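This report refers to the structure that appears directly beneath it.
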2 protein chains.
Amino acid sequence: MMKKVIQKKITMMKKVMSKSNLKLIAVLERTGGFASAQELHQILRREGDGIGLTTVYRALQSLVDDKIVDLLRREDGEAIYRLCGETHHHHLVCKSCGDTVEIEGGAIEKWAKTMAEEFGYRDVGHTAEIFGLCSKC
Amino acid sequence: MMKKVIQKKITMMKKVMSKSNLKLIAVLERTGGFASAQELHQILRREGDGIGLTTVYRALQSLVDDKIVDLLRREDGEAIYRLCGETHHHHLVCKSCGDTVEIEGGAIEKWAKTMAEEFGYRDVGHTAEIFGLCSKC
DNA sequence: GCATAAATGGAAATGATTTTCATTTTCATC
DNA sequence: GATGAAAATGAAAATCATTTCCATTTATGC
Ligand SMILES: [Zn+2]
Ligand SMILES: [Zn+2]
Ligand SMILES: [Zn+2]
Ligand SMILES: [Zn+2]
């Protein structure tokens, strides 16, 4: 079932979504979390959908523009996408084994907000990740 | 003149640096701030150095491995490099005009440290950037 | 139905980064 | 100074995500 936040945004949008956009939202909803355009395309293909890679990129771009999807970057620079509206959190990643812990970012949120206000920036988002070696490595 | 911190690190390194590594450190020192591999290559070429692009990539990779250079990402995913040892700071970047403000990250440092301790991670670093629209845009 | 605009997808183009591989340089040893 | 192994180098080719082109299909208003 579609998340409330997203549903609301979609409803608020004047324009009706294209079929592709809705498909992408559905996959992102189903998989939860981050995925690259290529991965999302593969998933859809595996499920029998003949959607083209170009369309996947286009749909994701449009969803990002409409603030329905967040765009982030993997460490290698590849773009990854996730639905907005999920609980916002950050990551603690092990440089060696890749183990990842989702962590609260209350302090970050406050920091970002404060800084944005101080310098007159609006409509701000932020990225914040911690990299290190986990206890096992 | 080479920054103290870097000089120290270089001295501490058992192995002697390759000529290319030293060249890259010199350019990064001279230009200060961030630059992509391609940009650094162009700068060197412009200055008459016939260094190959491959070597630039290799040198940067090796410097990153040795913690002498930091690797970050532009918004489009392109890798950018800078010398470590500069005063640690974060960025407030305008999504529209690209204007950048360097900001203090005291809160972040504390947050990263706290989280790392809580989950038993050591040798941690972090990334944290804020993106938004500046007052002019 | 018809005309027009929007959506779609395959193929080709782009552009950063990596890989391959033959050549050159460095360096220790004789 | 010669010599051979190991490290460094760079040109060209390969990768791979992403974008651009363009022809075809689909949706929409009349
Ligand atoms: Zn680990
Ligand atoms: Zn946050
Ligand atoms: Zn601006
Ligand atoms: Zn910091």
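Note that these values count all heavy atoms, side chains included, but never hydrogens, waters or copies made by symmetry. In what follows, chains carry the letters A, B, and so on, assigned in the order in which the sequence lines appear, proteins first and then strands, with residues in each chain numbered from 1. Model, not experiment: these values are computed from the prediction.
The stretch residues 19-38 of chain B participates, sequence neighbours left out, in these ring-ring contact (aromatic ring centres under 6.0 Å, His included) pairs: B:Phe34-B:His91. Evaluation of the ring-ring contact (aromatic ring centres under 6.0 Å, His included) test over residues 36-62 of chain A, restricted to residues two or more places apart or in two chains, returns none.
Listed by chain and residue number, A:Glu47 satisfy the side-chain hydrogen bond (donor to acceptor under 3.5 Å, both in side chains) test with A:Arg30 (two or more places apart in sequence, or in another chain). Here B:Arg45 pairs with nothing under the salt bridge (Lys or Arg N to Asp or Glu O under 4.0 Å) rule; sequence neighbours left out. Residues forming a side chain to side chain contact (heavy atoms under 4.5 Å, CB included) with B:Glu104 (at least two apart in sequence, or on another chain): none. Residues satisfying the side-chain hydrogen bond (donor to acceptor under 3.5 Å, both in side chains) criterion with B:Thr31, sequence neighbours excluded, are absent altogether. The side-chain hydrogen bond (donor to acceptor under 3.5 Å, both in side chains) test applied to B:Asp123 returns no partner, not counting sequence neighbours.
The shortest distance between the side-chain N/O atoms of B:Lys19 and the OP1/OP2 oxygens of D:dA7 is not below 4.0 Å.
For DNA chain C, the outermost nucleotides in 5' to 3' order that have an atom under 4.0 Å from a heavy atom of chain A are C:dT8 to C:dA11.
Separating the CG atom of B:Leu44 from the C1' atom of D:dT9 is a distance of 14 Å, rounded to the nearest angstrom.
Side-chain contact between B:His90 and B:Glu109: present, with at least one pair of heavy atoms (C-beta onward) separated by less than 4.5 Å.
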Protein-to-nucleotide contact annotation, 5' to 3' order, nucleotides 10-21 of chain D [B base; S sugar-phosphate only; - none; under 4.0 Å, heavy atom]: BBB----SBBB-
